[in-house]
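Here's the structure we're looking at; comments come further down.
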Amino acid sequence: MDEARHERIRAAVRAIPEGRVSTYGDVAAAAGERSARVVGWVLRDDGADLPWHRVLRADGSSAPHIADEQHARLREEGVEIRDGRVVLANHRLASGWIS
DNA sequence: ATAATGACCGGCG
DNA sequence: CCGCCGGCCATTA
């Protein structure tokens, strides 16, 4: 991975305010990435110090191995979760929140 | 060079 | 609700 791209993605995730969420696709777009997958890789091996729990799938669900902690953290920030899925309609960030 | 594997996405049946 | 497919792209074998 190119370090610049890697860092743009991290910046986009850091820009998500508490109590709000975004999707892999939106973060990718905000970071100028053409694929949502790259966002997943970055969070996978370099997401420890980022608010990764504010990044969800397009339908508000999350990958099974992180779902528990993700839901717990989000609830703590006041984000609603119904049936294991975040209510995107109320907490999703506008598509161009970065710039 | 090919193929499989993901913290993905959207469409279709 | 479910699964399948094709597209996506870096990493690994």
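As a basis for the values below, the full set of heavy atoms in this structure was taken, side chains included, without hydrogen atoms, waters or symmetry mates. Within every chain, numbering begins at 1; the chains are lettered A, B, ... in the order of the sequence lines, protein sequences first and strands thereafter.
Within a 6.0 Å sphere centred on CD of A:E7, other residues, nucleotides and ligands contribute more than 12 heavy atoms. Atom CG of A:D2 is surrounded by more than 12 heavy atoms from other residues, nucleotides or ligands within 6.0 Å.
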Restricting both atoms to N or O, compile the protein contacts to nucleotides 7-11 of chain C shorter than 3.5 Å, with distance only.
from	atom 1	to	atom 2	distance (Å)
C:dG7	O6	A:R37	NH2	3.2
C:dC8	O2	A:R37	NE	2.9
C:dC9	OP1	A:R34	NE	3.1
C:dA10	OP1	A:R5	NH1	3.0
C:dA10	OP1	A:R5	NH2	3.1
C:dT11	OP1	A:M1	N	2.2
C:dT11	OP2	A:M1	N	3.2

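Shown for residues 79-94 of chain A: no residue has heavy atoms falling under 4.0 angstrom of DNA chain B. Residues from residues 64-72 of chain A with heavy atoms under 4.0 angstrom of DNA chain B, sorted by number: A:H65, A:I66.
For the P atom pair drawn from C:dG7 and B:dA7, the interatomic distance equals 22 Å after rounding to whole Å.
Between the A:E69 side chain and the A:H53 main chain, no donor and acceptor come within less than 3.5 Å of each other.
Using a 4.0 Å cut-off between a side-chain N of Lys or Arg and a carboxylate O of Asp or Glu, A:R54 and A:E77 qualify as a salt bridge. The pair A:R10-A:D46 meets the salt-bridge criterion, since a charged nitrogen lies less than 4.0 angstrom from a carboxylate oxygen.
A:R92 contributes atom CZ, which lies 9.5 Å from atom CG of A:L56 (distance to the nearest 0.5 angstrom). In this structure, CD1 in A:I66 is found 8.5 Å from NE2 in A:H71, a value given to the nearest 0.5 Å. Atom CZ of A:R14 sits about 10.0 Å away from atom CD1 of A:I98, to the nearest 0.5 Å. Expressed to the nearest 0.5 Å, how far CH2 of A:W52 lies from CZ of A:R73 amounts to 5.0 Å. In this structure, CD1 in A:I16 is found 5.0 Å from OG in A:S22, a value given to the nearest 0.5 Å.
Across the protein-nucleic acid pair, A:Y24 atom OH and B:dG10 atom P stand 14 Å apart, rounded to whole Å. Between the CG atom of A:D45 and the P atom of B:dG6 there is a distance of 14 Å, given to the nearest Å.
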